[in-house]
> 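Submitted below is the structure of interest, expressed as structure tokens.
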Amino acid sequence: MTDHTEPNDQQPIKKYKVGVEAALEVMGGKWKPLIIYHLINGSKRTSELRRLIPEITQKMLTTQLRALEKDDIILRNVYGEIPPRVDYELTAYGRGLKPALDLLCYWGEQHLDKVYGDKSKVLDKF
């Protein structure tokens, strides 16, 4: 990926060699795919995501949720209740990642079978 500045623009326009670079820029890292995975079946509150991903810190979860919201992958819903309630859901655009995540899950399970002989030895069911 390289940055180029267009003549009439002040922001550099990124150039990519392959599409996977752009995809990884949006959903790369350890936490974003897990957050997206857990939102595939419906909206979740922050506390629910923390229970589903116990290793993530609150600060990191907040950072990742904001980044996904900025990239139009998720939508933050604020309800006018007392106390205020907030949940997150995938946008239509974000739901487009489901086939890619399904393939990654399938490949990951096949990989665990190959490495451990039986994925159930190391794969938690929830």
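All of these numbers come straight from a predicted model, not from anything done at the bench. Start at 1 with the first residue, then count along the sequence.
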> Looking only at non-hydrogen atoms, find the nearest pair between Val86 and Arg45 and report the distance.
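Between these two residues, the closest heavy atoms are O-CG, 3.6 Å.
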> Evaluate the side-chain proximity of Asp87 to Lys44: yes if any heavy-atom separation is below 4.5 Å, no if none is.
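They are not in contact (no side-chain heavy atoms under 4.5 Å apart), so the answer is no.
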> Report the distance from atom CG of Leu61 to atom CZ of Arg66, rounding to the nearest 0.5 Å.
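Interatomic distance, Leu61 CG to Arg66 CZ, rounded to 0.5 Å: 10.5 Å.
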> Side chains of Ile73 and Ile36, heavy atoms from C-beta outward: is any pair under 4.5 Å?
yes
> Quick one: pull up CG in Leu97 and NZ in Lys32 and give me the separation to the nearest 0.5 Å.
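Output value for this atom pair is 11.0 Å.
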> Tell me if a side-chain donor or acceptor on Thr91 pairs with a main-chain N or O of Asp72 at a distance below 3.5 Å.
yes
> Quick one: are Val115 and Leu112 in side-chain contact, heavy atoms under 4.5 Å?
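Side-chain contact under 4.5 Å: no.
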> Could you measure the distance from the NZ atom of Lys119 to the CG atom of Asp124? Nearest 0.5 Å is fine.
13.5 Å
> Strictly below 4.0 Å, N to O, side chains only: are Glu25 and Lys14 in salt-bridge contact?
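Counted as a salt bridge, because a side-chain N and a carboxylate O are separated by less than 4.0 Å.
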> Measuring only between side-chain heavy atoms, which start at C-beta, is Tyr16 closer than 4.5 Å to Val18?
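SC-SC contact between Tyr16 and Val18 ruled out.
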> Quick one: pull up OG in Ser43 and NE2 in His38 and give me the separation to the nearest 0.5 Å.
14.5 Å
> Side-chain contact test, heavy atoms from C-beta onward, threshold under 4.5 Å: evaluate it for Leu104 versus Trp107 and give yes or no.
no
> Does the side chain of Leu65 reach to within under 4.5 Å of the side chain of Arg76, using non-hydrogen atoms?
no
> Please round to the nearest 0.5 Å and tell me the distance separating atom CG of Leu52 and atom CD1 of Ile35.
11.0 Å
> Could you check whether any side-chain heavy atom of Gln58 comes within less than 4.5 Å of a side-chain heavy atom of Thr46, counting everything from C-beta outward?
yes
> Nearest heavy-atom pair of Gly28 and Pro33: which atoms, and what distance?
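Shortest heavy-atom separation between Gly28 and Pro33 comes out as O-CD, 4.4 Å.
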> Using side-chain heavy atoms (C-beta onward) and a distance below 4.5 Å, is Leu75 in contact with Asn77?
yes
> Please enumerate all residues that pass salt bridge (Lys or Arg N to Asp or Glu O under 4.0 Å) together with Glu48, with sequence neighbours excluded.
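Per chain and number, Glu48 pairs via salt bridge (Lys or Arg N to Asp or Glu O under 4.0 Å) with no residue.
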> Which heavy atom of Tyr116 sits nearest a heavy atom of Val122, and at what distance?
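For Tyr116 and Val122, the tightest heavy-atom pair comes out as CD1-CG2, 3.7 Å.
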> Return the minimal non-hydrogen interatomic distance between Trp31 and Gln64, and the atom names on each side.
CB-CG, 3.9 Å
> Please answer whether the main-chain N or O of Ile56 pairs with a side-chain N or O of Arg50 as donor and acceptor at a distance below 3.5 Å.
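Yes; judged by distance alone, with no hydrogens or angles, the pair exists.
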